Amino acid sequence: MLSAGSTWLQPHCRWWKRLLAWPQDVTLVSLGWFRKMKHLKANSVTDPRLLPVSGSLWGRVHAAAASRAYGVQVGNATRPLGRYPVPKKKDLPYDIVELMEEVEMKSGFLPNVFSVMAHRPAEFRAFFAYYNAIMNKERGGLSKADKELIVVATSVVNRCPYCVIAHGALHRIYSKKPALADQVVVNWKLAELSAREQAMLEFAVAVSHADNITEEHFQKLAAQGFDREDAWDIGMIASFFAMSNRIAHFTDLRPNEEFYTMGRIPRDKEKAETP
């Protein structure tokens, strides 16, 4: 519960504005966005969830959402999201509820990683804050498609179905290449990759395998236009998702059904085929 001295997150960053402008199926990629901290006034209501909103549409939506748990995968009512109980919204801190509702409203569904990580609110915040720092940074030589391809390749090494499927979907959206992530899942060395992408994935997979990283690795990256800071980004994404993959393992985190078809059919073709 929030007290008079508590804080919650407010939007103010440039990437927040970009998030609102993205298509619905891309919005979920920005899982890590958080809101700027702001102090409540001493005479404000101690818990924003108790505000008198019952007469508004938002109030009815909020009341309905707070009464249910994100504990059952859509389309498969018998399968829980993971091994740990998923808290109901009414039992979660306000900033986490607000983040989950914003992502779900914009993307059309809530990625299951949000629900599972909500079991530990402090770890939820730390996890998505670091995700945002490495996946949504504005500078560097890696594109969004590059980053998602790194996640797919290294998550295959770590045998993580959730990250392979979810980030394969995001790669399809960013790259506009509906088959490349699938090729990487089977065998990245035989996939239709550019020399640049091959060097990038070779380094990322080496980090994921905990191979001995030598100067030769950095030289191969440099030959394809990657500098030392780009190498840091590649290595850090591989390292972060090695942790994320293992969290998915022991929690038995399962991907949302929506991820399987995302990005496989171009939007204009989908609209043309819609009766």
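Since the model is a prediction, treat every value here as computed from it, not as a measurement. Heavy-atom basis, side chains included; hydrogens, waters and symmetry copies ignored.
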Using salt bridge (Lys or Arg N to Asp or Glu O under 4.0 Å), reason through Arg228 and Asp233 one step at a time and then give a plain yes or no. CA-CA 9 Å; Arg228 289 285 172 136; Asp233 290 338; over 6 Å; no
Minimum heavy-atom separation for Pro85 to His119, with atom names? O-ND1, 3.3 Å
Could you tell me whether Arg254 sits above the aromatic face of Tyr162, with NZ or CZ closer than 6.0 angstrom to the six-membered ring centre and within 45 degrees of the axis? no
What's the spacing between Phe241 CZ and Met243 CE if we round to 0.5 Å? 8.5 Å
Minimum heavy-atom separation for Ala238 to Val207, with atom names? CB-CG1, 4.0 Å
Aromatic contact, Phe218 with Phe226 (centres under 6.0 Å): no
Ring centroids only, cut at 6.0 angstrom: are Phe109 and Phe114 within range, meaning strictly under it? no
Mark yes or no for whether Ser208, through its side chain, and Ala204, through its backbone, hold a donor-acceptor pair below 3.5 Å. no
For salt bridge (Lys or Arg N to Asp or Glu O under 4.0 Å), just list the numbers for Lys89 and Glu101, CA-CA rounded to whole Å, side-chain angles, deciding distance to a tenth of an Å, and then say yes or no. CA-CA 10 Å; Lys89 281 188 175 182; Glu101 289 182 346; 3.3 Å; yes
Do you see a donor-acceptor pair shorter than 3.5 Å between the side chains of Ser143 and Asp146? yes
Distance-only, no hydrogens or angles: does the Arg172 side chain make a donor-acceptor pair with backbone N or O of Met262 under 3.5 Å? yes
Is a donor on one side and an acceptor on the other found under 3.5 Å between the side chain of Ser239 and the backbone of Gly235? yes
Counting heavy atoms not belonging to Asn187, are there more than 12 under 6.0 Å from its CG? yes
Check for me, please, whether Phe250 and Val86 land in the same ILVMFWY cluster - side-chain distances under 4.5 Å, paths through other members count. yes
Other residues, nucleotides and ligands only: do more than 12 of their heavy atoms fall within 6.0 Å of OH on Tyr84? no
Centroid separation Phe127 to Tyr131 less than 6.0 Å: no
Side chain proximity check, Gln183 to Leu190, heavy atoms < 4.5 angstrom: no
In terms of heavy-atom contacts, Glu104 and Leu110 come closest through CG-N, 4.0 Å
Could you check Leu170, Val185, Asp182 and say which one makes a side chain to side chain contact (heavy atoms under 4.5 Å, CB included) with Val152? Val185
Quick one: does Arg264's side chain have a donor or acceptor within less than 3.5 Å of a partner on Tyr260's backbone? yes
Ala191 versus Leu180, closest heavy-atom pair with distance: CB-CD1, 4.3 Å
Closest heavy-atom pair and its distance - Asp227, Asp230: OD1-N, 2.8 Å
Do side-chain atoms of Glu148 reach the backbone of Ala145 as a donor and acceptor pair under 3.5 angstrom? no
Residues, nucleotides or ligands: over 12 heavy atoms within 6.0 Å of Glu215 CD: yes
Any sub-3.5 Å donor-acceptor pair from His249's side-chain atoms to Arg159's backbone N or O? yes
Mark yes or no for whether Asn112, through its side chain, and Leu81, through its backbone, hold a donor-acceptor pair below 3.5 Å. no
